2 protein chains.
Amino acid sequence: MRDIAGAVGITQAALYHHYADKQSLYLAAMGHAFSDKAVGITEALQSKGTPTERLERFISSFTRLMASDPDFRALLQRELLDGDESRLQLLAEQAFLEPFQAMTELARDLAPDCDAHLVAISMAGLVLFHFETAPVRQFLPGGTKRHNDPKVVAKHVTQLLSRAFGTA
Amino acid sequence: MRDIAGAVGITQAALYHHYADKQSLYLAAMGHAFSDKAVGITEALQSKGTPTERLERFISSFTRLMASDPDFRALLQRELLDGDESRLQLLAEQAFLEPFQAMTELARDLAPDCDAHLVAISMAGLVLFHFETAPVRQFLPGGTKRHNDPKVVAKHVTQLLSRAFGTA
DNA sequence: GTCTATAGTTTGATAGAC
DNA sequence: GTCTATCAAACTATAGAC
């Protein structure tokens with residue numbers, strides 16, 4: 001609370017005029033961080049084209065988002081790790097639902113014989129895990145700066161999923 | 001420190017007789033948590049059989065480990081999120097190196113035309129992300145308890161990777 | 001709406017007796 | 001090797017003046 005107050009140029013006590021307690025401030029900040037982040041993703045998923053084309057646009061869009069905002073990605077993963085039931089429900093309903101629904105629809109078009117829920121999660125996980133492991137991959141064989149390039153990650157993930165499901 | 005002391009039945013002061021400070025205790029506990037966890041994984045990867053068979057054994061082994069020890073999985077993901085450079089290097093060298101090397105070798109056999117580092121990371125990410133998202137997936141469409149069953153996850157991931165790379 | 005001042009807790013770590 | 005007692009710092013939150 002002291003750090004935040006200092007960052008916005010007021011004292012800690014003044015912060016309590018705007019938010020009832022630390023939890024309220026955190027929830028408001030989290031809500032702000034997640035607002036509008038999903039729009040670009042959902043648009044890519046609902047764009048016109050073959051399933052493979054939509055997949056490519058989605059992976060590209062999601063990869064760019066994760067690469068461009070490391071703090072947001074860390075916040076997302078921290079919530080998955082530490083968020084209590086009520087906070088995760090809020091997040092699921094207000095932030096994830098729309099893009100995830102579009103992802104399952106793409107999954108159904110892409111792999112009608114597979115469980116769409118599992119495929120949708122797999123698509124997201126393939127992208128996210130590359131960034132999640134970035135700090136440790138530099139110490140593992142084959143890990144280069146190249147592998148943190150969103151274009152390289154997107155190309156790899158798209159190729160993997162196309163091979164698995166694509167008609168191409 | 002008070003909680004840990006209480007859990008082992010001594011006072012907080014006595015804890016400082018065994019560990020210099022909180023960080024030392026944490027590192028020792030982490031080292032203990034990670035020791036031997038990789039053995040089963042590496043064995044599965046180095047077993048005899050076709051690449052597809054080794055893939056199936058690896059995914060099965062890794063999925064079972066993640067499902068059987070949620071605290072270990074959370075510790076792993078917390079280190080990826082918060083671990084400083086030196087701690088991640090220690091982890092990479094002492095815990096991840098051996099299984100990861102075996103994973104890249106499998107990746108080379110499985111997909112000679114792909115970047116083995118990226119493929120190895122993808123194999124791990126596909127498994128881990130399903131568990132990482134478990135608490136939020138119950139609020140997303142299509143999410144059922146079935147999707148937290150390690151057998152179901154392993155089958156899905158194996159099938160996805162086999163389709164992408166397998167000769168089958 | 002912001003300030004100073006402070007209450008009330010919790011935390012990591014130490015001193016010194018046994 | 002464990003204890004009691006305590007310190008110093010950091011924390012969330014509140015009281016009350018302006």
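Since this is a predicted model, take the numbers as computed values, not measurements.
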Looking only at side-chain N and O atoms, does A/Thr133 offer a donor or acceptor that is under 3.5 Å from a partner on A/Arg137?
yes
Is it the case that the side chains of B/Thr144 and B/His147 hold a donor-acceptor pair, with the cut-off being a distance below 3.5 Å and no angle test?
yes
Working to the nearest 0.5 Å, report the span between CD of A/Glu85 and CG of A/Leu90.
12.5 Å
From CD (B/Gln89) to CG (A/Leu140), nearest 0.5 Å:
10.5 Å
With the side chain counted from C-beta on, respond yes when A/Lys37 and A/Leu76 share a heavy-atom pair under 4.5 Å apart, and no when they do not.
no
Mind checking whether A/Gln159 and A/Lys155 have side chains closer than 4.5 Å, heavy atoms only?
no
What integer distance in Å separates [X]:[atom1] from [N]:[atom2]?
{"X": "B/Tyr19", "N": "C/dT14", "atom1": "OH", "atom2": "P", "value": "17 Å"}
{"X": "B/Gln23", "N": "C/dG12", "atom1": "CD", "atom2": "P", "value": "12 Å"}
{"X": "B/Lys22", "N": "C/dT14", "atom1": "NZ", "atom2": "P", "value": "14 Å"}

Give every donor-acceptor pair under 3.5 Å between a side-chain atom in residues 97-106 of chain A and any protein atom, sequence neighbours left out.
| residue | atom | partner | partner atom | Å |
| --- | --- | --- | --- | --- |
| A/Thr104 | OG1 | A/Phe100 | O | 3.4 |
| A/Thr104 | OG1 | A/Gln101 | O | 2.7 |

Is it true that, when you exclude B/Glu79 itself, more than 12 heavy atoms of the residues, nucleotides or ligands shown sit nearer than 6.0 Å to its CD?
yes
Hey, can you pull the residues of residues 7-17 of chain A with a non-hydrogen atom under 4.0 angstrom from DNA chain C?
A/Ile10, A/Thr11, A/Ala13, A/Ala14, A/His17
Of all nucleotides in DNA chain D that come within under 4.0 Å of a heavy atom of chain A, which is furthest toward the 5' end and which toward the 3' end?
D/dC11 to D/dA15
